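All remarks here apply to the structure that follows.
Order of listing sets the numbers, starting from 1, for every ligand and every atom in it. Positions are given from 1, in the same order as the sequence printed here. No experiment lies behind these values; they were computed from the predicted model shown.
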Amino acid sequence: MSDPDQQLSPVEHIKRASRHLRGTIEQGLADRLTGALAPDDTQLSKFHGFYQQDDRDLRSERQKQKLEPAWSFMIRARVPAGRCTPAQWLAMDAIARTHANGTLRLTTRQAFQLHGVIKRGLRPTIRAINDSLLDTLAACGDVNRNVMASVNPWRSALHAQVAELADAVSAHLSPQTGAYHEIWLDGEKLAADAVDVEPIYGDTYLPRKFKMGFVVPPDNDIDVFSQDLGFVAIAGEDGALAGFNVIVGGGMGTTHGEPDTFPRLGDVIGRCRPDQVLAVSEGVVKVQRDFGDRTNRKHARMKYTIEDRGVEWFVQTLQAYIGFELEAAIPVRFIGTGDRLGWVQGDDGRWHYTQFIENGRLADRDGHTLLSAFREIAELGHGQFVLTPNQNVTVSALDDTQRADVEAVLERHGITRKGTLSALRRNSMACVGFPTCALSMAESERYLPDLVTRLEQILDAHGLAEAPIVIRMTGCPNGCARPFLAEIGLVGKAPGRYNLYLGAGFDGARLNRLYRENIDEDTIVAELDPLFARYAAEREGDEYFGDFLVRSGVIRAVTSGPDFRADEGRAA
Ligand code: SRM
Ligand code: SF4
């Protein structure tokens, strides 16, 4: 009989041997001969919140010169529910300018990313992040990642309650290892022969990353169906939080040409009370811990556990783990996945301003001073900041005077407002891609703005400038900008070439389908132009673009993840 241990993926062995994520990271930090860490430690570093990367713009030149790659690190700071104080924003801004590449990157999961930190900058950066009372532990790795929540907890009491629960679950599912404190924060060292415990995760953590989030309908800003575990808030008749529908088994990542990989929408499996959320979260994590596939990382996400074993099996197993049954889910309607940009007034009369940040990058460049503007807003010390699931930022809970102060800063910096952005751009999102992402096959963040400009001209010509079409681009099929839930999804195949996916639901409840494969910009435009023309001429009322493409037969609706590929003979 074959030894089951031998079938485990290599990362499983690295985790097991790591003494709860210690590995040889400390020794690697002290090694001045290289800008890199030891290969095994680059797997463990993810649990500490950072990735080793090299500058891909420089890679081949450095190879030619026989130089070590230009190593640097991407550091991700967890921000549960995206909430941070003006002081924390200022801290991240200062760290970005001191230790990183001078930009702040807001992510699709409401977190901060810093790029370009060199090895000797790791410890000061992680310390400074912790000094601001944010952290990087479990921002990446085979654990529960940053917990998302429908933005702006100050908008209503219900939003506030949901954000509190997101915080509580985030703390509950945080790894307990002392490794993080030992390595980065001068925590007391564990004796070499001693062990610490991970009560929820166990010694080898989860088979793969795990993601969860909370949503407050009718908004579906967190793309709740894309999460491993989603909670949909249900309000009682008095408007207070009454419970949550529970959704399991969503995920986006695929691999080109590997039909066993697919994006999947989560299944609604029932409903729980607010006081059961921690138990359900822990139970779901433990089911995945025990039944997820540890032999093949491309098949290790919870979506495959559920797809292979069935939803019924999952519910029965979960209920056995948590010791109670879920109630029947309550039907819920979502209206969209976007943010409410511009000024919005909350239930209590206070103001909330959401700024569109193109692809999440705050920088001072090309005559634009977005990074400085938000530093100045944070320096005012007014209200709170919320990072949104669409890579934008909300400045929350302002009175009339504070609103005027924020307005003045925006004016002074000439910040582009909602009214001057096309509906397509407002609904656009791109992952990082080149030059930092090791997995990128095509440009993404650096390219989508230009493609949108070209598409805007065509939409304008068809009278569609104000049609809110969701467009998302990624540099590879891992799906970091959730492109398979976009009405127009562009997924990098090779430099300058993309797969075009069409027909997702505007509400985030239907996947798109592959329409054309491996096409360049001119072909993308040539494919979309006639579809925009038909949409302008034939759409019914306020019908969304994705819905129109399905109704008119351009694309067949995707009803399950494995079915998202192109129809026979359609994609070429
Ligand atoms: Fe992601 C890997 C960036 C959200 C699916 N993702 C990566 C890495 C770390 C590349 C790597 O492994 O070397 C990227 C770093 C790029 C860089 O230079 O910064 C990266 N992912 C991002 C971010 C920054 C994209 C963005 O533009 O905002 C997002 C950070 C979120 C956060 O704050 O935690 C980000 N990644 C997502 C999402 C969207 C989401 O979670 O809502 C997904 C799809 C949902 C899902 O997980 O199914 C996503 N990222 C992946 C995958 C594919 C996982 C899979 O199941 O196959 C990878 C590759 C992997 O894990 O092997 C990946
Ligand atoms: Fe990198 Fe691919 Fe994620 Fe884009 S989708 S950030 S290219 S892993």
Side-chain angles (χ1 to χ4, degrees), residues 11 42-43 45-46 49-56 72-80 82 100-101 103 105-116 136 138-148 207-213 221-228 230 249-256 258 261-266 296-304 337 357 359-361 387-391 429-446 448 472-485 489-493 508 561:
V11 178
T42 62
Q43 293 301 329
S45 77
K46 299 177 187 178
F50 64 94
Y51 279 72
Q52 181 170 302
Q53 303 182 318
D54 71 307
D55 187 329
R56 300 198 48 195
S72 70
F73 296 85
M74 175 273 276
I75 303 187
R76 194 178 283 163
R78 251 189 334 172
V79 190
N101 67 356
T103 73
R105 181 61 156 69
L106 313 185
T107 75
T108 53
R109 291 193 69 78
Q110 301 180 272
F112 285 111
Q113 271 192 194
L114 302 165
H115 289 101
T136 66
C140 327
D142 297 343
V143 280
N144 179 51
R145 306 282 188 92
N146 196 41
V147 177
M148 297 175 75
R208 203 65 163 89
K209 55 176 70 165
F210 184 91
K211 299 177 171 182
M212 63 180 291
D221 47 5
I222 72 156
D223 273 317
V224 69
F225 294 102
S226 73
Q227 310 281 334
D228 290 280
M252 292 280 103
T254 74
T255 304
H256 288 313
E258 291 197 15
T261 66
F262 46 84
R264 187 179 190 279
L265 295 189
N296 173 5
R297 286 183 70 78
K298 290 205 168 169
H299 188 256
R301 293 294 295 274
M302 198 171 78
K303 63 182 175 183
Y304 299 117
T337 55
I357 308 289
N359 305 326
R361 184 74 65 180
L387 317 190
T388 86
N390 289 288
Q391 306 169 319
M429 196 153 79
C431 74
V432 179
F434 285 120
T436 53
C437 180
L439 308 178
S440 190
M441 301 170 175
E443 290 287 349
S444 186
E445 177 189 320
R446 296 194 294 198
L448 184 62
R472 295 176 180 173
M473 173 178 277
T474 54
C476 84
N478 281 316
C480 298
R482 302 186 285 272
F484 305 114
L485 279 165
L490 289 154
V491 175
K493 194 89 206 287

[atom1]-[atom2] distance between [X] and [Y], expressed to the nearest 0.5 angstrom:
X	Y	atom1	atom2	result
E443	M473	CD	CE	9.5 Å
C437	N478	SG	CG	7.5 Å
Q391	E445	CD	CD	8.0 Å
K298	E258	NZ	CD	4.0 Å
F262	T254	CZ	OG1	10.5 Å
Q43	C140	CD	SG	11.5 Å

Under 4.0 Å from a heavy atom of [X]: which atoms of ligand 1 are those, numbered in the order shown and with their elements?
X	answer
G253	48 (O), 55 (C), 57 (O)
G479	38 (C), 43 (C), 44 (C)
M74	15 (C), 19 (O)
H115	17 (C), 18 (O), 19 (O)
A430	27 (O)
C431	27 (O)
K211	5 (C), 36 (N), 37 (C), 38 (C), 40 (C), 41 (O), 43 (C), 45 (C), 46 (C), 47 (O), 49 (C)
Q113	17 (C), 19 (O), 24 (C), 30 (C)

Check whether any N or O atom of [X], backbone or side chain, sits under 3.5 Å from an N or O atom of ligand 1, and answer yes or no.
X	answer
T107	yes
T108	yes
K209	yes
R105	yes
R109	yes
Q110	no

Would L439 count as a contact of ligand 1 if the rule is a heavy atom under 4.0 Å away? yes
For K303, is the nearest heavy atom under 4.0 Å from an atom of ligand 1? no
Can you list the protein N, O or S atoms less than 2.8 Å from atom 1 (Fe) of ligand 2? C437 SG
Taking T474 for its side chain and G479 for its backbone only, find out whether a donor-acceptor pair lies under 3.5 Å. no
Can any side-chain N or O of H256 pair as donor or acceptor with the backbone N or O of G492 at less than 3.5 Å? yes
Answer yes or no: is there a side-chain heavy-atom contact under 4.5 Å between [X] and [Y]?
X	Y	answer
Y304	T261	yes
F112	L106	yes
R361	R446	no
M429	R482	yes
N146	R76	no
T436	N101	no
R301	K209	yes
R472	L485	yes

Residue and atom name of the nearest protein heavy atom (relative to [atom]), distance in Å to one decimal:
atom	result
atom 60 (C) of ligand 1	R208 NH2, 3.4 Å
atom 3 (C) of ligand 1	R76 NH2, 3.7 Å
atom 12 (O) of ligand 1	Y51 CE2, 3.3 Å
atom 48 (O) of ligand 1	M252 N, 2.7 Å

Run down the list R482, Q391, R301, M148 and name the one with the heavy atom closest to atom 54 (C) of ligand 1. R301
Selected option - heavy-atom contact closest to atom 20 (C) of ligand 1, from A111, C437, C480, A138: C480
Numbered atoms of ligand 2 (with element) below 4.0 Å of G479, judged on heavy atoms: 5 (S)
Using a 4.0 Å heavy-atom threshold (strictly under), name the region of Q53 that reaches ligand 1: side chain, backbone, both or neither. side chain
Is any NZ, NE, NH1 or NH2 atom of the basic residue among D228 and R145 found under 4.0 Å from an Asp or Glu carboxylate oxygen of the other? no
